[in-house]
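Remarks on the structure that follows.
Atoms within a ligand are numbered from 1 in the order they appear, just like the ligands themselves.
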Amino acid sequence: MMQRMGRVFLLALAVIIVVAAAMQVRAQGDGVLVTQPNLDALLALKQALYDPHGVLSSWNASYKEGACSGLWVGVKCAGGEVVTLQLPGRGLGGTIAQQIGELTNLRKLNLHTNAIEGQIPQSLASLPNLRALYLFDNQLSGAIPTLLGSSSPLQVVDLSKNQLNGTIPPSLPSSYLFLLDLSFNNLTGALPSSASMQLRYLILGNNFLTGSIPASIAESTNLIVIRLEQNRLGGTIPSQLGSLFSLQTLDLSNNDLNGSIPYALGSLASLIILKLAHNNFSGSLPTTFKQMRKLEYFDVASNRLSGGIPPEIAEMVSLSSLDLSQNAFNGSIPVDLAQLNLTAFNVSYNDLSGVIPSFSHAFNATSFLGNDDLCGFDAAHSCFFSSSPWPSTPVPHPGSTLAFHPPAEHRSRGMHTVRLILIVLCSCLASIALVGTVLFLLCYRTSCSEKASIAGTMDVPEDGTETAASGGTLVHFDGPVAFTADDLLCATAEVMGKSSYGTAYKTTMENGYVVVVKRLREGMIKSQAEFEAEVNCLGRIRHPNLVALRAYYWGPKDEKLLVFDFISGASLAAYLHAEGKEMELTWNARMNIAAGVARGLYHLHKQAGIDHGNLSSSNVLLDSDLNAGVADFGLASLMTAAATSNANATAAALGYRAPELARPQRKPTSKSDIYSFGILLLELLTGKLPSDPIPMPGGAVDLPHWVTCVVKEEWTSEVFDVELMKGDAAPSEEELVEVLQLALCCVASVPSSRPEMTELLHRLEDITSALQHQSS
Ligand SMILES: *[C@@H]1O[C@H](CO)[C@@H](O)[C@H](O)[C@H]1NC(C)=O
Ligand SMILES: *[C@@H]1O[C@H](CO)[C@@H](O)[C@H](O)[C@H]1NC(C)=O
Ligand SMILES: *[C@@H]1O[C@H](CO)[C@@H](O)[C@H](O)[C@H]1NC(C)=O
Ligand SMILES: *[C@@H]1O[C@H](CO)[C@@H](O)[C@H](O)[C@H]1NC(C)=O
Ligand SMILES: *[C@@H]1O[C@H](CO)[C@@H](O)[C@H](O)[C@H]1NC(C)=O
Ligand SMILES: *[C@@H]1O[C@H](CO)[C@@H](O)[C@H](O)[C@H]1NC(C)=O
Ligand SMILES: *[C@@H]1O[C@H](CO)[C@@H](O)[C@H](O)[C@H]1NC(C)=O
Ligand SMILES: *[C@@H]1O[C@H](CO)[C@@H](O)[C@H](O)[C@H]1NC(C)=O
Ligand SMILES: *[C@@H]1O[C@H](CO)[C@@H](O)[C@H](O)[C@H]1NC(C)=O
């Protein structure tokens, strides 16, 4: 359970650390000699540290040229000044010298997992550029420097596993803070009450903190993890915590909290782990908890909770571990809990009564002990002999509790909790006449056939008259320019690309208007009625990040053309995989593109109620300002099942197909779109083509497996596109890792583990707005 709880955090941390280590390898001298104050400070640091393994022997006082040329281990400079100092896990002891305050350009200090003693130097608080401070797992003692974070943009502070005491300086939760981990120390005093919008991880467990939980914590709206376990906190849980939309872990166990559990916590829609055990909570369990549909781990053991166990718990569909032991719950165990896939269940030491429902036979007697009137869980508590109220009604045979009918009240609840799934259907048939203008046109210009035209590619008879006369149909959706079937068929066309759905042409009409015409593959289209119903849905979709379908043409020989807006630019694939400087995409640009694609997909999924079905970097078109337009959405809905299988096979070859679509006859879903989007994110992060297998010691693997392996093997730096690491606009490790995490969630092999588009969009917009703040 601890493993599950720490998973998110540990991944982030591990990746951050590994990236950090790799950045160090990357460190190259810039040829500038180290400045004298920096040199003096480094030598003072060396002197104060105890170095039994001679790790610092490369810090040679009589060869100062080495300091900034990459020869001094752990030192990385810019312009002769030290910017990072990283010596994690090198067996160092001794102390950190106060002179570290002379390294005025230091951005990152990483000395974790050593045996360093003494105090954290007060001078660290005056470093104006310090962003990351990793001193965890040492033997540091005394107080945290009082003004730490007040004069620098500190983003990450991890001082966990030391013996620090005193209070948390009020300056610490600065507006930049991303991670604050002070767990496993001897800190006293109250929790910080200032909020930080950037804060994701607030980890203060295993200290001696007192006072109550300030409601202002809820103003840090991006929190993912709150861990305050094993402290001496009192008072009640502020109901404001219910507004933390992104919160995944809330651990308040082992404190002295009291009062009732706020109903508002039920709004924590992202929550996965909730631990409130070993406190003094009273009252009943809020029925609003049924809204926590992601909750997997729920532990309220050892409190003073009372009343019945709400059957609504059964609506927490993800729940796998439920511990209600050592409380004062009464009534019977709701049969509805059988709907859950519980792997751990404990209701011991309550006031429960009645026969245990059949599902609970999966658990042994230790899950039910200490409930005087509960029966059926072992021979000693047979319902034949118990003093429970049940024997007065018909007694079930041993082993036949399956047939036992629970009270009618519970039955009907069970029926009500059957999940209703609302499917947004495109019911557009009725609106065809309103949206489209149907035109029957003649192509009478003889000049038409002299050009390379779409008509030409369709083997239209030389004079064109016959074709049109026999009744081709052009249907317009709203758009900036009106054109006739004549204009379209007589336009010049050049092939742009082919896909499993057909061929795309850049088409220039005689008046200069340019569109993209997609000629769908013959013999793969649904019947005309079905096609028209679907295409009219697609033609109504308008969003700045979706390439609009403006018209379609159903020709007399069943030729089908779709007319789209033309985006003058190149596809994302061209940008990412082309050679040459001029096509490079910065981190900001990549994140804007990702957010743009997410907005487009969000609109498709949530507003239009359709799935894309064919997302890839070649279907993301970038205009001259690098705004993303997603093309080719929903075309599967126009095609037969055979065509969909073809398209699935192509998507597989390109590396974008979700694993569940490998089975025959599977149609794309919103979750398979999320998978493709995850691949797209990996492509943006790594710069690698998802279609290319990547050689690994055990044989070539695909992109998501490669990324997963590399992260697991702790060479995370290998993952990121080298283009991203260059120049001033290089992202921080934290940013890279955050997006990497997001991408890995999207490519989860189990569709239900992938996040919703809503959540993705929220996270990506956070990232892009933070980047805008940084650059402005
Ligand atoms: C330090 O550098 C000097 C001058 O380059 C060199 O002579 C000496 O051997 C070096 N000492 C160590 C311990 O590397
Ligand atoms: C903190 O610890 C140091 C030694 O590690 C001790 O001298 C000091 O009194 C402690 N302060 C508090 C407030 O407990
Ligand atoms: C910190 O707390 C632990 C556990 O209570 C204790 O063993 C240790 O002596 C304390 N350290 C200091 C420096 O107070
Ligand atoms: C909760 O605990 C606080 C002290 O931490 C106490 O003042 C208050 O009366 C308690 N409230 C309840 C409902 O027990
Ligand atoms: C829990 O609260 C009750 C009533 O408020 C009080 O009598 C009891 O001492 C508290 N228990 C603990 C461990 O604080
Ligand atoms: C459960 O306990 C509450 C008081 O906490 C009481 O009002 C209710 O009647 C009890 N229910 C049963 C079934 O014993
Ligand atoms: C429980 O697991 C079974 C089989 O693993 C699955 O079919 C069912 O949908 C799951 N139920 C819930 C509520 O997740
Ligand atoms: C009962 O179940 C628990 C948890 O599933 C297990 O740890 C324990 O060993 C089991 N006890 C017996 C007697 O089977
Ligand atoms: C259930 O909780 C009780 C009391 O906390 C404990 O003794 C028992 O071992 C637990 N049973 C399981 C299966 O975890």
Query - Check ion pair Arg754-Glu660 (N to O, under 4.0 angstrom) - result: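 Between Glu660 and Arg754 there is a salt bridge, with a charged N closer than 4.0 Å to a carboxylate O.
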Query raised in the report: Is the Phe184-Phe136 ring centre distance short of 6.0 angstrom?
Result: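 They do not qualify: ring centres at least 6.0 Å apart.
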Requested in this report: Kindly check if the number of other-residue, nucleotide or ligand heavy atoms within 6.0 Å of CZ (Phe363) is above 12?
Outcome: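 Count over threshold, so yes.
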Name the closest protein heavy atom to [atom], giving the residue it belongs to and the distance to 0.1 Å.
{"atom": "atom 14 (O) of ligand 3", "value": "Asn186 ND2, 3.1 Å"}
{"atom": "atom 4 (C) of ligand 3", "value": "Phe208 CZ, 4.4 Å"}
{"atom": "atom 13 (C) of ligand 8", "value": "Asn364 ND2, 4.2 Å"}
{"atom": "atom 11 (N) of ligand 4", "value": "Asn258 ND2, 2.9 Å"}
{"atom": "atom 5 (O) of ligand 4", "value": "Gly235 N, 3.6 Å"}

Query raised in the report: Under 3.5 Å, is there a donor-acceptor pair between the Gln98 and Ser123 side chains?
Result: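 Yes, Ser123 and Gln98 have a side-chain donor paired with an acceptor closer than 3.5 Å.
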Requested in this report: Scan side-chain atoms only and decide if Arg304 and Asn280 contain a donor-acceptor pair under the 3.5 Å cut-off.
Outcome: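 Distance-only check passes for Arg304 and Asn280.
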Query raised in the report: Is the shortest distance from atom 9 (O) of ligand 3 to a protein heavy atom below 4.0 Å?
Result: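 Under 4.0 Å from atom 9 (O) of ligand 3, zero protein heavy atoms found.
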**Report entry** Any Leu187 side-chain heavy atom under 4.5 Å of Phe208 side chain
**Finding:**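 The answer is no; the side chains never approach within 4.5 Å.
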**Report entry** Atoms in ligand 8 flagged as close to Thr366, the criterion being non-hydrogen separation under 4.0 Å
**Finding:**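 Reading through ligand 8 atom by atom, the close ones are 1 (C).
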